[in-house]
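Okay, so here's the structure we're looking at.
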Amino acid sequence: MRSYRELFRTPEFTPFFLAASAQTVAQTMGGLALGILVYRATESPLLSAVSMFGSSLVQVLGATFLLSAADRLPPRAALTTLPLLFATATAALALPGLPVWALFVIVLAKGLAESVGGGVRWGLLNEILSKDGYLLGRSVFNMMSGLMQIAGYATGGALVALLSPRLSLLTAAALYAMAAVVVRLGLTRRPPRTTGRPSVAATWRANALLWSSAPRRQVYLALWIPNGLIVGCESLYVSYAPESAGTLFACAALGMLAGDVLVGRLLPPRLRPRLGFPLLLLLAVPYMPFLLHPDVPLAAAAVTLASVGFGASLVQQERLVALTPDALTGHALGLHSAGMLTMQGVAAALAGSVAQLTSPAVAMTAMATVSTGVTLSLLAAGRRAEGSVAPLARKA
C-alpha cells in the first residue's frame, strides 16, 4: 500500500479515521478548558499543568496492570464504550462546584482507560490495513493528530474566551459521543485478537514476553526516550519566547508533518530501516545551539528541521509490528503508546525543573544533548548485537 487514495479506499479506514479525529479534537479542547478552569480556581501553574498532562503520567499504571485487555476485548465494542466513558467523564468535569481533588480523580481514571484504548485502536488499525499498510496509515494518523490539535486549541481557546471553560468541556463531551456513534455505525464486529480474560497477571506475562526480546527492547527504548526528551524541549517554548511560542509550536507541527510525509509516503521501503537512528539524531541536534539563545526566526528554523526527525517513530513502529506476534499486536502498540506518553510527561517535568534552576535555553540544550547520547548508545548497542549474531550465522 503506497498511496493515500488507496488508504482511504480501504474498507472501514475512513470511519475509523474520522472517529479518531473527533477524539483528538475533544481531548485537546477538554485539556485546555480544564487547565484554565483549574488555574482560575487555584492560581497554581503546577496544578493547572498536571490537570492537562496528568493523564499521560498515569498511563504507566495502565501499561502495568490493564494492558492485557487491549487484545482481549472486541475492538468495536471497546472503541464504542471508551469514548462514551470519556464523554461522561468530561461532562462531569464541567459540573459547577466540583472540588479540585475530584477533578484530578476523574483525570487520572480517564488516563488509565486511555492506556487501554491506545492498544485497542492501534491493534485494530493493523487489522484493517495489515502489516504492509500500517506505516502509511499511522503516518496519516500522526498528521491528523497535529492538525486536529491545532483545530482543538483554536476552537477551545475561542470558546473559553467568548463563553466559558465549562461550555468547552461540554462541547468536548459531545465530540466524544459523536466518535462513539461513528465507530458503532462504521466498523464491523470483530472477535478479540486473543482469548482469555484480561487480568494483571496476563498483562505482566505479555509485558515480560515483549521485553524478553533484545530487538524489541531496543525498539521500545528508541521509541520512548530520545523523542520524549525532545518533547521536554517543546514544553519550554512558552518560557523561551513568551510572545512567539505559538510560532514555535506551529513550526514544530510543520516539521513533524514533513517527517511523516517523507517516511510514510516518499521513502522507498528498502531505505526506511536505515534512517531510524539518523532521524533520531536530527530530532535532537538542531536544539543544541539554543544555548546561544538564537532569535525567533533562527529558533523557528531549528525547530522545524528538528521536528522532521519525529518521522523516526514510524520506522520504529513498523519494526515493532514486524517483531511482534499478531496475537500481541494491540498489547505491544499499547505499551509503546503508554510508555511514550509517560516519558513525555516525565521529560516535560524534568525540563521545567532544569529551566527553573538555570534557564529555558540551557535546559533545552541539556535535553537535546542527553537525547543525542541515548540515541548513540542505542545505535552502538544495536551494532554490537548484529556483530555477535554474524559469527554465529557464519558458523552455522
Side-chain angles (χ1 to χ4, degrees), residues 1-10 13 17 20-21 24 122 125-126 129-151 218-231 233-234 247-289 298-323 333 336-337 340 344 368 371-372 374-376 378-379 382:
M1 188 175 293
R2 292 294 302 162
S3 71
Y4 295 130
R5 180 177 297 179
E6 185 180 358
L7 189 67
F8 280 95
R9 285 178 176 173
T10 302
F13 180 80
F17 178 84
S21 300
T24 301
W122 303 128
L125 178 65
N126 189 58
L129 298 180
S130 75
K131 290 189 177 184
D132 67 328
Y134 177 83
L135 184 139
L136 183 64
R138 190 62 191 262
S139 73
V140 170
F141 271 83
N142 287 359
M143 290 184 278
M144 173 275 291
S145 179
L147 294 173
M148 292 301 102
Q149 285 180 27
I150 293 171
Q218 186 184 57
V219 172
Y220 275 125
L221 292 174
L223 281 165
W224 293 342
I225 302 177
N227 60 2
L229 292 167
I230 298 307
V231 171
C233 295
E234 294 182 349
T247 299
L248 295 180
F249 277 115
C251 288
L254 177 62
M256 186 168 65
L257 177 64
D260 288 333
V261 173
L262 174 67
V263 175
R265 182 68 179 88
L266 300 180
L267 285 177
R270 61 185 177 82
L271 290 181
R272 284 199 298 259
R274 305 177 187 176
L275 293 180
F277 285 107
L279 285 169
L280 283 179
L281 291 174
L282 176 63
L283 186 60
V285 170
Y287 280 99
M288 291 185 178
L298 289 176
V303 163
T304 304
L305 178 62
S307 296
V308 174
F310 279 114
S313 67
L314 293 174
V315 179
Q316 294 148 0
Q317 287 174 55
E318 184 178 45
R319 177 162 171 73
L320 178 62
V321 169
L323 290 170
L333 294 170
H336 147 57
S337 179
M340 176 189 68
Q344 288 177 2
S371 178
T372 301
V374 171
T375 298
L376 293 175
L378 290 172
L379 176 60

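Computed from a prediction, not measured in an experiment: that's the story for all the values here.
Atom-to-atom distance recorded for Tyr220:OH and Leu323:CG is 10.0 Å, nearest 0.5 angstrom. Between atom CG of residue Leu262 and atom CG of residue Leu257 there is a gap of 11.0 Å, rounded to the nearest 0.5 Å. Atom CZ of Phe17 and atom OG1 of Thr10 lie 13.0 Å apart (nearest 0.5 Å).
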CA sep, side-chain torsions, deciding dist, call: Leu279, Val263, side-chain contact (heavy atoms from CB on, under 4.5 Å) | CA-CA 10 Å; Leu279 285 169; Val263 175; 3.8 Å; yes

Step-by-step side-chain contact (heavy atoms from CB on, under 4.5 Å) determination, Phe310 to Asn227 = CA-CA 7 Å; Phe310 279 114; Asn227 60 2; 3.8 Å; yes

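Counting heavy atoms from C-beta outward, Glu234 and Tyr287 have side chains that approach closer than 4.5 Å. Counting heavy atoms from C-beta outward, Thr375 and Phe277 have side chains that approach closer than 4.5 Å. For the pair Val315 and Glu318, the minimum side-chain heavy-atom distance is 4.5 Å or more. Counting heavy atoms from C-beta outward, Leu282 and Val308 have side chains that approach closer than 4.5 Å. Side-chain atoms of Leu281 and Leu376, non-hydrogen and from C-beta on, do get closer than 4.5 Å to each other.
The nearest pair of heavy atoms linking Cys251 to Thr304 is CB-OG1, 3.2 Å. Taking each heavy atom of Met288 and Thr372 in turn, the nearest pair found is CE-OG1, 3.1 Å. Considering all non-hydrogen atoms of both residues, Met340 and Leu223 come closest at CG-O, 4.4 Å. Nearest heavy-atom pair, Ala252 versus Ser307, reported as atom, atom and distance to 0.1 Å: O-CB, 3.2 Å. Residues Pro226 and Leu221 come closest through the heavy atom pair CD-O, 3.3 Å. The two residues Leu283 and Gly309 come nearest to each other via the heavy atoms CD1-C, 4.0 Å.
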